[in-house]
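Beneath this line is the structure, given in structure tokens, with notes to follow.
Source: prediction; values computed, not measured.
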Amino acid sequence: AKKGGNSTPKNNKKLSYNQKRLLEVLPIEIEQLEKDIELLTTELSNPDLYQQNPDRFDTASSELELKQQEKASKEEAWLELQILADEIEG
């Protein structure tokens, strides 16, 4: 019987240095984005903001959208790395 390289149950892959670093850094970055999003949401919830300062309202709205997108992207990247790490560790 011929033995193939796939017969070992343990995966010999390792996370790269960059992947390990991202696993550590991404949660911190996500937490900061959550704080930024909360501040922007609070600011935008002021009913007078649009009338008093429409430019700031537009800027805050754009910032909020970008930070929400960035947070979603970082969460997805972290999740993919965590799944990979879990698979490697077995």
Side-chain angles (χ1 to χ4, degrees):
K2 190 175 180 182
K3 289 188 178 183
N6 298 350
S7 62
T8 54
K10 198 167 187 177
N11 194 338
N12 288 331
K13 284 189 198 174
K14 284 182 158 183
L15 286 179
S16 72
Y17 172 80
N18 286 340
Q19 289 170 322
K20 287 179 186 176
R21 179 99 175 99
L22 282 172
L23 268 177
E24 294 172 8
V25 171
L26 283 172
I28 297 164
E29 292 177 357
I30 291 166
E31 187 177 326
Q32 183 58 54
L33 284 166
E34 287 171 348
K35 290 176 185 175
D36 294 347
I37 288 167
E38 187 177 331
L39 288 172
L40 287 165
T41 301
T42 300
E43 182 179 1
L44 287 167
S45 69
N46 177 351
D48 299 325
L49 178 63
Y50 183 74
Q51 286 184 334
Q52 292 174 353
N53 192 344
D55 289 340
R56 177 60 193 149
F57 179 86
D58 290 343
T59 302
S61 296
S62 297
E63 283 180 36
L64 178 61
E65 188 176 335
L66 287 172
K67 290 195 183 281
Q68 287 172 331
Q69 290 172 354
E70 185 179 354
K71 179 180 172 251
S73 175
K74 287 180 185 279
E75 285 174 333
E76 188 175 325
W78 180 86
L79 185 59
E80 288 173 4
L81 283 170
Q82 189 60 54
I83 289 169
L84 181 62
D86 290 346
E87 287 175 357
I88 289 170
E89 291 172 9

request  = For atom CD of Q32, decide whether the heavy atoms of other residues, nucleotides or ligands shown that lie under 6.0 angstrom number more than 12.
outcome  = yes
remark   = Residues joined to L66 in its hydrophobic cluster, side chain to side chain under 4.5 Å directly or through other members, sorted by chain and number, are none
task = Mind checking salt bridge (charged side-chain N to carboxylate O under 4.0 Å, His left out) for K35 and listing every partner two or more places apart, or none if nothing turns up?
result = E31
note = Connected to L44, directly or through other members, by ILVMFWY side-chain contacts below 4.5 Å are I37, L40, L49, Y50, F57, L64
query = Which ILVMFWY residues are connected to I28, directly or by a chain of links, through side-chain heavy atoms under 4.5 Å apart?
reply = none
note = Sorted by chain and number, sequence neighbours left out, side chain to side chain donor-acceptor pair (under 3.5 Å) with D48 holds for none
request  = Report whether W78 and L33 are members of the same hydrophobic cluster (ILVMFWY, side-chain heavy atoms less than 4.5 Å apart, transitive linking).
outcome  = no
ask   = Any side-chain heavy atom of I88 sitting closer than 4.5 Å to one from K14?
value = no
ask   = Do S73 side-chain atoms and Q69 backbone N/O form a donor-acceptor pair below 3.5 Å?
value = no
remark   = Taken in chain and number order and not counting sequence neighbours, the residues that satisfy side-chain contact (heavy atoms from CB on, under 4.5 Å) with L22 are L26, L81
ask   = Which pairs with one or both residues in residues 20-30 pass side chain to side chain donor-acceptor pair (under 3.5 Å), sequence neighbours excluded?
value = E29-K74
ask   = Is the count of non-hydrogen atoms from other residues, nucleotides or ligands lying under 6.0 Å from Q52 atom CD greater than 12?
value = yes
key: salt bridge (charged side-chain N to carboxylate O under 4.0 Å, His left out) contacts in which one or both residues fall within residues 52-63, not counting sequence neighbours   = E43-R56, R56-E63
query = Under the 4.5 Å side-chain heavy-atom rule for ILVMFWY, direct or indirect, which residues accompany V25?
reply = none
ask   = Who are the side-chain contact (heavy atoms from CB on, under 4.5 Å) partners of I83, not counting sequence neighbours?
value = L79, E87
request  = Name all residues meeting the side chain to side chain donor-acceptor pair (under 3.5 Å) criterion together with E76; count only those two or more places apart in sequence or in a different chain, and write none if there are none.
outcome  = none
key: For K71, all residues meeting salt bridge (charged side-chain N to carboxylate O under 4.0 Å, His left out), sequence neighbours excluded   = E34, E75
